Amino acid sequence: MSDDLRPDFYTFPPILKACVDFVDGKKVHCCVFKMGFEHDVFVAASLINLYSRFGVLDVAYKVFVDMPVRDVGSWNAMISGFFQNGDAAGALGVLNRMKGEGVKMDTVTVSSILPVCAQSVDIVNGVLIHLYVLKHGLDTDVFVSNALINMYSKFGRLWDAQRVFDHMEVRDLVSWNSIIAAYEQNNDPNTALRFFKGMLLVGIQPDLLTVVSLTSIFGQLSDQRVSRSIHGFVMRRQWIEKDVVIGNALVNMYAKLGDMSCAHTVFDQLPSKDAISWNTLITGYTQNGLASEAIDAYNMMEECINIIPNQGTWVSIIPAYSHVGALQQGMKIHGRLIKNSLYLDVFVATCLIDMYGKCGKLEDAMSLFYEIPRETSVPWNAVISSLGVHGHGEEALQLFKDMLAEDVEADHITFVSLLSACSHSGLVDEGQKCFDIMQKEYGIEPSLKHYGCMVDLLGRAGYLKKAYDLVRNMPVQPDASIWGALLSACRIHGNAELGTLASERILEVDSENVGYYVLLSNIYANTGKWEGVVKVRSLARDRGLRKTPGWSSVVAGSKVEVFYTGNQTHPKYAEIYRELRVLSAKMKNLGYVPDYSFVLQDVEEDEKEQILNSHSERLAIAFGIICTPPRSPIRIFKNLRICGDCHNATKYISRITEREIIVRDSNRFHHFKDGICSCGDYW
DNA sequence: ATAGGGTTAG
């Protein structure tokens, strides 16, 4: 090799930058070392970057500390090295030492450190850096402005993000992607869409990341047609092969649209799946109410040895376990997480609190709550809601006070938890006060959920007129669940006139949901208007709707047994009915009188008693009595609300059998013990 | 004269 072709200082940085293979990179490093170029600031920065990219941060750091002279580029390389390897604190530490040595930040420093501030939610530092940028005139740099937009977006400060965007003289693809993602991620899909159109208008072509935002935008807008065309666009460009991110975004989009069959198809066709692909699928199933599919998917994920479950996996699978009451499996996850301390993660812990609450283990929910950090509303909301479904309204209110005393800011979800807790305990005045505080002191506009809780609260307590007025004066259009709450209150209080009136509206809003036809026919049946029952039933039949079958499950040993109403095919069928007959006689001796108003069929009295005796919750309780040791507690799950007569009967059964009977229905918990229920017969 | 360190994601 002749002298003028020998590599020099300028040769190595581009080569190191181009290394996609770590082994090659190390060979180049050897070469650099032999030629004595290691301490050149350009070469060293490239080496730091190389080792950081391959996750070998200790070697990167060694190159850095061994440098006899460092310029701002050396510091920048080290800062981004720490951040690329997930060490935000390390990155900030390097920045502080750099400041200590009197080195001034440049545009590269700023654009490396702003994502660090965003990730560690360090708003103060972020704003200080923005001021520094303005003072030193760094705001003309596109990278800096883009990083500012992203940071403000992560803090939810859209107005600041928008202002940075507006002041930019030159905008590139990343600027547009950032402002689109800002609005998309802060739940404003319409504004995000306007920016997307603006981007096309100035002639910038969307890239893969633009389309990732688009999938989320149209998922949020539940626009089936455009969503499917985005899928087509991605397929035509073969972007699924290019990056797993876009495939995961499509799975998520279909899940948001409620189309889990398409979501699964896209998932199956992904050329490579990462943990996030699995998490997205599991979350989709859970959020669409398909808990057992979610559990199946999770079990399949566990079979893949190259996929390691992470925080996202836990927050997707634990709610599925809560939904079906799979306490054992949930506890198994908890045990596994104690080993790596991930149970202290606020989001994972909140799922566990919710799981314990929903599975009847209120004490475990409470003790976990006091173990974890609680500076944000997230775990508070879960524990308040747990107290609520267990009927401890007063304690829920106390926890809200504690929360304020600890300076934790309440949000709209806190008030959903509080209002529903009040409604489960019949705390009408307290509930109304919370509803007031929410609007006046917190400036939170009540959502449909808040109105639903209030209607439930007022209606169940018997203030039907008040509830009806609230619905009529709502500034937003009431949905089917609001009308449903009103209808259900009418049923409890036997108000057929109002019931048939809050019913026409409900069938307008949601004529597909059978539950409302059932409620309406209950109202007619309870007031003896059999012609009304016939009318509603034929209407439901004409529209091809079938009643959701009522089922209850009970744990016996390690097995979960499920009973449907009127089930006569169970192997222990004869024993169960014999047990129920024996119980019935004992109950009547103690003063139990069957309440036939819960029987919807127009039949003779002895047949009505038979119908009450075949309700799924009774079958499950009888099975529990037969198959578990005497005096051990029985835990029941019911998909619908417990029937009033069964509620009364269970009180007697708990006394006769000297057992604690815990029933979780679709609404809340009932603890039966010594002939009384924790709900005080209010639910 | 030629080189390095930077911003967006499900």
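Quick note on labels: first sequence line is chain A, next is B, and so on, each numbered from 1. Values below: all heavy atoms of this structure, side chains included; hydrogens, waters and symmetry mates excluded. These numbers were taken from a predicted model, which means no experiment stands behind them.
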Establish whether the base of B/dG6 is bridged to the side chain of A/Asp106 by a donor-acceptor pair shorter than 3.5 Å.
-> no
B/dG4 base to A/Asp40 side chain: any donor-acceptor pair below 3.5 Å?
->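 Side chain to base: no pair below 3.5 Å.
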Examine [N]: is either OP1 or OP2 under 4.0 Å from a nitrogen or oxygen in the side chain of [X]? Give yes or no.
{"X": "A/Lys17", "N": "B/dG5", "value": "yes"}
{"X": "A/Lys242", "N": "B/dA9", "value": "no"}
{"X": "A/Ser74", "N": "B/dG5", "value": "no"}
{"X": "A/Asn76", "N": "B/dG6", "value": "no"}
{"X": "A/Gln84", "N": "B/dG6", "value": "yes"}

Between [options], which nucleotide gets closest to the side-chain atoms of [X]?
{"X": "A/Ala147", "options": "B/dG4, B/dG5, B/dT7", "answer": "B/dT7"}
{"X": "A/Gln185", "options": "B/dG5, B/dA9, B/dA3", "answer": "B/dA9"}
{"X": "A/Asn146", "options": "B/dG4, B/dG6, B/dT7", "answer": "B/dT7"}
{"X": "A/Ser46", "options": "B/dT8, B/dG6, B/dG4", "answer": "B/dG4"}
{"X": "A/Ser111", "options": "B/dA9, B/dT7, B/dG4", "answer": "B/dT7"}
{"X": "A/Pro115", "options": "B/dT7, B/dA9, B/dG6", "answer": "B/dT7"}
{"X": "A/Val72", "options": "B/dA9, B/dG5, B/dG6", "answer": "B/dG5"}

Crowded around [X] [atom1]? As in, over 12 foreign heavy atoms under 6.0 Å?
{"X": "A/Lys99", "atom1": "NZ", "value": "yes"}
{"X": "A/Phe155", "atom1": "CZ", "value": "yes"}
{"X": "A/His264", "atom1": "NE2", "value": "yes"}
{"X": "A/Gln328", "atom1": "CD", "value": "no"}

When we call it a touch if two heavy atoms are under 4.0 Å apart, what does [X] touch: a base, just sugar-phosphate, or nothing?
{"X": "A/Lys154", "value": "sugar-phosphate"}
{"X": "A/Val110", "value": "nothing"}
{"X": "A/Thr107", "value": "base"}
{"X": "A/Asp8", "value": "nothing"}
{"X": "A/Val43", "value": "nothing"}

Mind telling me whether [Y] and [X] have parallel, tilted or perpendicular rings, with 30° and 60° as the class edges?
{"X": "A/Tyr321", "Y": "A/Tyr298", "answer": "perpendicular"}
{"X": "A/Phe9", "Y": "A/Phe37", "answer": "tilted"}
{"X": "A/Tyr183", "Y": "A/Phe195", "answer": "parallel"}

Could you list the residues that satisfy ring pair (Phe, Tyr, Trp, His ring centres under 6.0 Å) with A/Tyr254, not counting sequence neighbours?
->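 By the ring pair (Phe, Tyr, Trp, His ring centres under 6.0 Å) rule, A/Tyr254 matches A/His231.
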Compare every heavy atom of A/Glu184 with every heavy atom of A/Ser213, then report the nearest pair and how far apart it is.
->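 Result for this residue pair: OG-OE1, 3.3 Å.
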Which of these passes side chain to side chain contact (heavy atoms under 4.5 Å, CB included) with A/Ser178: A/Leu209, A/Val164, A/Asn150?
-> A/Asn150
Rounded distance [0.5 Å steps], NE2 in A/His39 versus OG in A/Ser74 |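 Going from the NE2 atom of A/His39 to the OG atom of A/Ser74 covers 11.5 Å.
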Within residues 164-177 of chain A: residues closer than 4.0 Å to DNA chain B (heavy atoms) |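 Residues of residues 164-177 of chain A that come under 4.0 Å of DNA chain B are, in numerical order, A/Val174, A/Asn177.
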Scan residues 273-304 of chain A against DNA chain B and write down, sorted by residue number, each residue with any heavy atom closer than 4.0 Å; if none is found, say none.
->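 The answer is A/Asp274, A/Ile276.
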Write down the distance between [atom1] ([X]) and [atom2] ([N]), rounded to a whole number of angstrom.
{"X": "A/Met67", "N": "B/dG5", "atom1": "CE", "atom2": "C1'", "value": "10 Å"}
{"X": "A/Phe83", "N": "B/dG5", "atom1": "CZ", "atom2": "P", "value": "17 Å"}
{"X": "A/Tyr183", "N": "B/dA9", "atom1": "OH", "atom2": "C1'", "value": "20 Å"}
{"X": "A/Leu138", "N": "B/dG5", "atom1": "CG", "atom2": "P", "value": "19 Å"}
{"X": "A/Arg53", "N": "B/dG4", "atom1": "CZ", "atom2": "P", "value": "12 Å"}
{"X": "A/Met98", "N": "B/dG6", "atom1": "CE", "atom2": "P", "value": "14 Å"}
{"X": "A/Asn186", "N": "B/dA9", "atom1": "CG", "atom2": "C1'", "value": "15 Å"}
{"X": "A/Ile129", "N": "B/dG6", "atom1": "CD1", "atom2": "P", "value": "17 Å"}

Side-chain donor or acceptor of A/Arg171 paired with backbone N/O of A/Phe165 under 3.5 Å |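 Side chain of A/Arg171 to backbone of A/Phe165, a donor-acceptor pair under 3.5 Å: yes, one is there.
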Would A/Phe143 count as stacked on B/dG6 if the rule is ring centres under 5.5 Å and plane angle under 30°?
-> yes
